[in-house]
Q: 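I have a structure I would like to understand better, so I am pasting it below and will then ask my questions one at a time.
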Amino acid sequence: MEEVKSGLENVVVLETGVSSIDGTEGVLRYRGFDINDLVYLPYDAVSYLLIRGKLPDDNELAVYSATLNEKRELGEYVQNVVRACNFNIEAMDALRTTISYMSHCDPDLNDNSEEANLRKATNLIAKFPTIVAAFSRILKGETPVSPDPTLSHGANFLYMLRGSKPTEIEAEAMEKDFILSAEHELNASSFASRITASTCSDLYSAIITGICTLKGPLHGGARMEVMNMLDEIPAPEAAEAYVLEKIANKEKIMGFGHRVYMTQDPRTIIFKVLAKQLAESKGETQWYRTAENIENTLFAEFMGKRGKPLYPNVDFYSGVVYKYLEIPPRLATAVFAAGRISGWIAHCMEQYSDNRVIRPRAKYVKPAKTLKA
Ligand SMILES: CC(C)(COP(=O)(O)OP(=O)(O)OC[C@H]1O[C@@H](n2cnc3c(N)ncnc32)[C@H](O)[C@@H]1OP(=O)(O)O)[C@@H](O)C(=O)NCCC(=O)NCCS
């Protein structure tokens with residue numbers, strides 16, 4: 001049997017047309033398009049690109065956006081599931097429960113045809129942000145807010161969360177967050193979703209697999225930990241000692257390091273600019289300056305001791321952006337999921353379209369035993 005690659009590092013397990021990462025140059029492309037260009041499109045166009053494989057023309061985009069608008073509202077039964085959630089949980093747990101319930105209501109639950117899955121896709125993409133916003137409001141004893149069809153996907157989320165329209169810069173940051181969070185090649189949650197899809201299980205089950213996998217702090221859960229860290233550090237000047245103590249205690253700093261990027265994660269560069277713009281627009285730069293001090297301290301520490309830097313990953317400055325957007329930490333991973341849903345669906349549909357069950361091997365390392373007569 002071949003050598004075991006711990007964590008499947010650098011193991012190529014499938015071919016994809018969904019996205020590509022150049023970890024040396026720091027380039028991320030969705031369906032061949034650089035994210036530095038895609039970030040100026042509406043999320044609706046990017047999600048269409050991911051799930052259908054091509055950019056929409058004006059008419060296709062108008063139809064797709066209208067469908068998302070139609071499907072955004074939760075309806076009484078789904079809203080009641082959100083209400084029934086135990087609130088000592090993260091929004092991610094409520095999302096998992098609610099999507100599972102939504103599957104019960106779908107007469108095409110086990111229909112894995114492209115047509116049925118595209119219909120399920122728009123429903124899921126439209127409803128993810130609504131579920132997260134409703135969870136947050138119900139948690140605070142507030143009534144959920146209905147979506148506003150005049151607003152973009154990102155602006156609508158902030159509107160449903162707060163009950164008031166976001167500023168232009170806040171809406172832009174949220175839209176870009178959803179785009180930058182939408183897809184990232186064979187990350188753990190997309191791979192996990194594909195494994196479920198490869199057994200010919202239904203799309204909801206595959207998406208729930210993605211939710212469960214994204215939740216962990218070594219994956220999407222890092223974003224919430226970054227927000228908690230920013231709350232723990234009392235002032236930008238305290239950041240250096242804080243992270244150096246963690247490093248001395250052999251603790252990881254959340255929002256740093258990556259399996260694939262050997263250089264700056266291109267999403268981080270965009271998130272950092274957004275964080276700075278939000279900080280300046282609100283006249284409150286403390287979190288941004290704290291974040292920069294953490295980044296600079298870790299860069300110097302790793303360069304000095306290991307001769308190679310430790311870079312922030314996508315969860316670091318997006319966590320700072322969420323602070324400025326007043327998104328509560330317990331919502332952070334679910335907001336990430338509300339962007340990533342398009343990527344999960346794209347991967348699952350690719351898997352269904354040319355499927356072979358994903359079933360690797362393990363090397364047994366314990367002795368064989370015999371039952372005594
Ligand atoms: C992303 C991550 C899971 C990648 O894991 P990986 O490829 O298995 O890399 P490793 O965890 O083996 O890290 C390699 C080395 O860098 C160090 N390192 C990596 N990320 C680190 C971090 N965030 N803080 C401190 N040290 C870190 C590790 O301690 C390890 O050092 P060692 O060789 O002395 O043991 C890892 O960097 C991490 O746990 N980051 C924090 C969680 C996070 O932000 N996750 C979001 C990912 S987008």
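Each ligand, and each atom within it, is numbered from 1 in the order the structure gives. Everything quoted here is computed from the prediction, not taken from an experiment.
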Q: Can you confirm whether something in the protein, heavy atoms only, sits under 4.0 Å from atom 12 (O) of ligand 1?
A: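 For atom 12 (O) of ligand 1 the answer is no, since every protein heavy atom stays at 4.0 Å or beyond.
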Q: Quick one: does any side-chain atom of Arg29 pair with a main-chain N or O of Ile21 as donor and acceptor, under 3.5 Å?
A: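 Here the side-chain-to-backbone pair does not exist.
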Q: Just which atoms of ligand 1 are under 4.0 Å from any heavy atom in Ala222?
A: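 Counting atoms of ligand 1 from 1, those under 4.0 Å from Ala222 are 43 (C), 44 (O), 45 (N), 46 (C).
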Q: How far is atom 31 (O) of ligand 1 from its nearest protein heavy atom, and which residue and atom is that?
A: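 For atom 31 (O) of ligand 1, the nearest protein heavy atom is Arg306 NH1, 2.9 Å.
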Q: Around atom 36 (C) of ligand 1, find the nearest protein heavy atom and jot down its residue, atom name and distance.
A: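 Nearest protein contact, heavy atoms only, for atom 36 (C) of ligand 1 is Lys252 NZ, 3.8 Å.
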Q: If you measure from the Lys or Arg side-chain nitrogens to the Asp or Glu carboxylate oxygens, is any gap between Glu284 and Lys323 under 4.0 Å?
A: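 Result for this pair is no, no salt bridge flagged.
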Q: Closer than 4.0 Å and a protein heavy atom, does any atom meet both conditions relative to atom 38 (C) of ligand 1?
A: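 Within 4.0 Å: yes, protein heavy atom nearby.
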Q: Less than 6.0 angstrom separating the ring centers of His153 and Phe128, yes or no?
A: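 Distance test on ring centres: not under 6.0 Å, no.
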Q: How far is atom 20 (N) of ligand 1 from its nearest protein heavy atom, and which residue and atom is that?
A: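 Checked against all protein heavy atoms, atom 20 (N) of ligand 1 sits closest to Phe256 O, 3.7 Å.
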Q: Report the part of Tyr311 in contact with ligand 1, treating N, CA, C, O as backbone and CB onward as side chain, heavy atoms under 4.0 Å; options are side chain, backbone, both, neither.
A: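 Neither part.
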Q: What protein heavy atom is closest to atom 23 (N) of ligand 1, reported as residue, atom name and distance in Å?
A: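 Here the closest protein heavy atom is Ile253 O, 2.6 Å.
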Q: Taking atom NZ as the centre, does Lys54 end up with more than 12 heavy-atom neighbours from other residues, nucleotides or ligands that are less than 6.0 angstrom away?
A: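 Yes, enclosed.
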Q: Could you tell me whether Lys272 and Glu292 make a salt bridge, using a distance below 4.0 angstrom between a side-chain N and a carboxylate O?
A: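 Judged by the 4.0 Å cut-off on N to carboxylate O distance, Lys272 and Glu292 do form a salt bridge.
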Q: Quick one: hydrophobic cluster around Leu8, which other residues, with the 4.5 Å side-chain cut-off, linked directly or via members?
A: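 Leu8 shares its hydrophobic cluster with Val11, Val13, Leu14, Leu186, Phe191, Ile195, Ile358.
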Q: Classify the contact between Lys250 and ligand 1 as side chain, backbone, both or neither, using a heavy-atom distance cut-off of under 4.0 Å.
A: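 The answer is neither; Lys250 stays 4.0 Å or more away.
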Q: Would you call Asp148-Lys165 a salt bridge at under 4.0 Å N-O?
A: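 Looking at Lys165 together with Asp148, the answer is yes, because their closest N to O distance falls below 4.0 Å.
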Q: Got the closest protein heavy atom to atom 26 (N) of ligand 1, with its distance?
A: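 Of every protein heavy atom, Phe302 CZ, 3.6 Å lies nearest to atom 26 (N) of ligand 1.
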Q: Among protein heavy atoms, which lies nearest atom 4 (C) of ligand 1, and at what distance?
A: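 Heavy-atom neighbour on the protein nearest atom 4 (C) of ligand 1: Arg259 N, 4.0 Å.
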Q: Closer than 4.0 Å and a protein heavy atom, does any atom meet both conditions relative to atom 6 (P) of ligand 1?
A: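 Given the 4.0 Å cut-off, atom 6 (P) of ligand 1 counts as touching protein heavy atoms.
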Q: Could you check which of Gly257, Gly255, Pro217 puts a non-hydrogen atom nearest to atom 44 (O) of ligand 1?
A: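 Result: the heavy atom closest to atom 44 (O) of ligand 1 is in Gly255.
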Q: Examine the proximity of ligand 1 to Leu218 and report which part, side chain or backbone, both or neither, has a heavy atom under 4.0 Å away.
A: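 Both the backbone and the side chain of Leu218 come within reach of ligand 1.
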Q: Would Ile138 end up clustered with Phe157 when hydrophobic side chains under 4.5 Å apart are linked, directly or stepwise?
A: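 Both belong to a single hydrophobic cluster.
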Q: Scan side-chain atoms only and decide if Thr297 and Tyr242 contain a donor-acceptor pair under the 3.5 Å cut-off.
A: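 There is no such pair (donor and acceptor under 3.5 Å, judged by atom type) between the side chains of Thr297 and Tyr242.
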Q: Quick one, Lys215 and Asp93 - any side-chain contact, counting heavy atoms below 4.5 Å?
A: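 Yes. Closest side-chain heavy atoms under 4.5 Å.
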Q: Using heavy-atom distances, let me know which of Asp315, Leu310, Val260, Ile247 sits nearest atom 18 (N) of ligand 1.
A: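 Nearest option to atom 18 (N) of ligand 1, by heavy atoms: Leu310.
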Q: So is there a nitrogen or oxygen of Glu251 less than 3.5 Å from a nitrogen or oxygen in ligand 1?
A: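 Glu251 vs ligand 1: no N/O contact under 3.5 Å.
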Q: Between Glu225 and ligand 1, which residue portion shows a heavy-atom distance shorter than 4.0 Å: side chain, backbone, both, or neither?
A: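 Neither part.
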Q: Hey, are Glu115 and Arg119 close enough for a salt bridge, meaning a charged N less than 4.0 Å from a carboxylate O?
A: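 The answer is no: the pair does not qualify as a salt bridge.
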Q: Measuring to protein heavy atoms, does anything land under 4.0 Å from atom 41 (C) of ligand 1?
A: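 Looking at atom 41 (C) of ligand 1, one finds that a protein heavy atom does lie closer than 4.0 Å.
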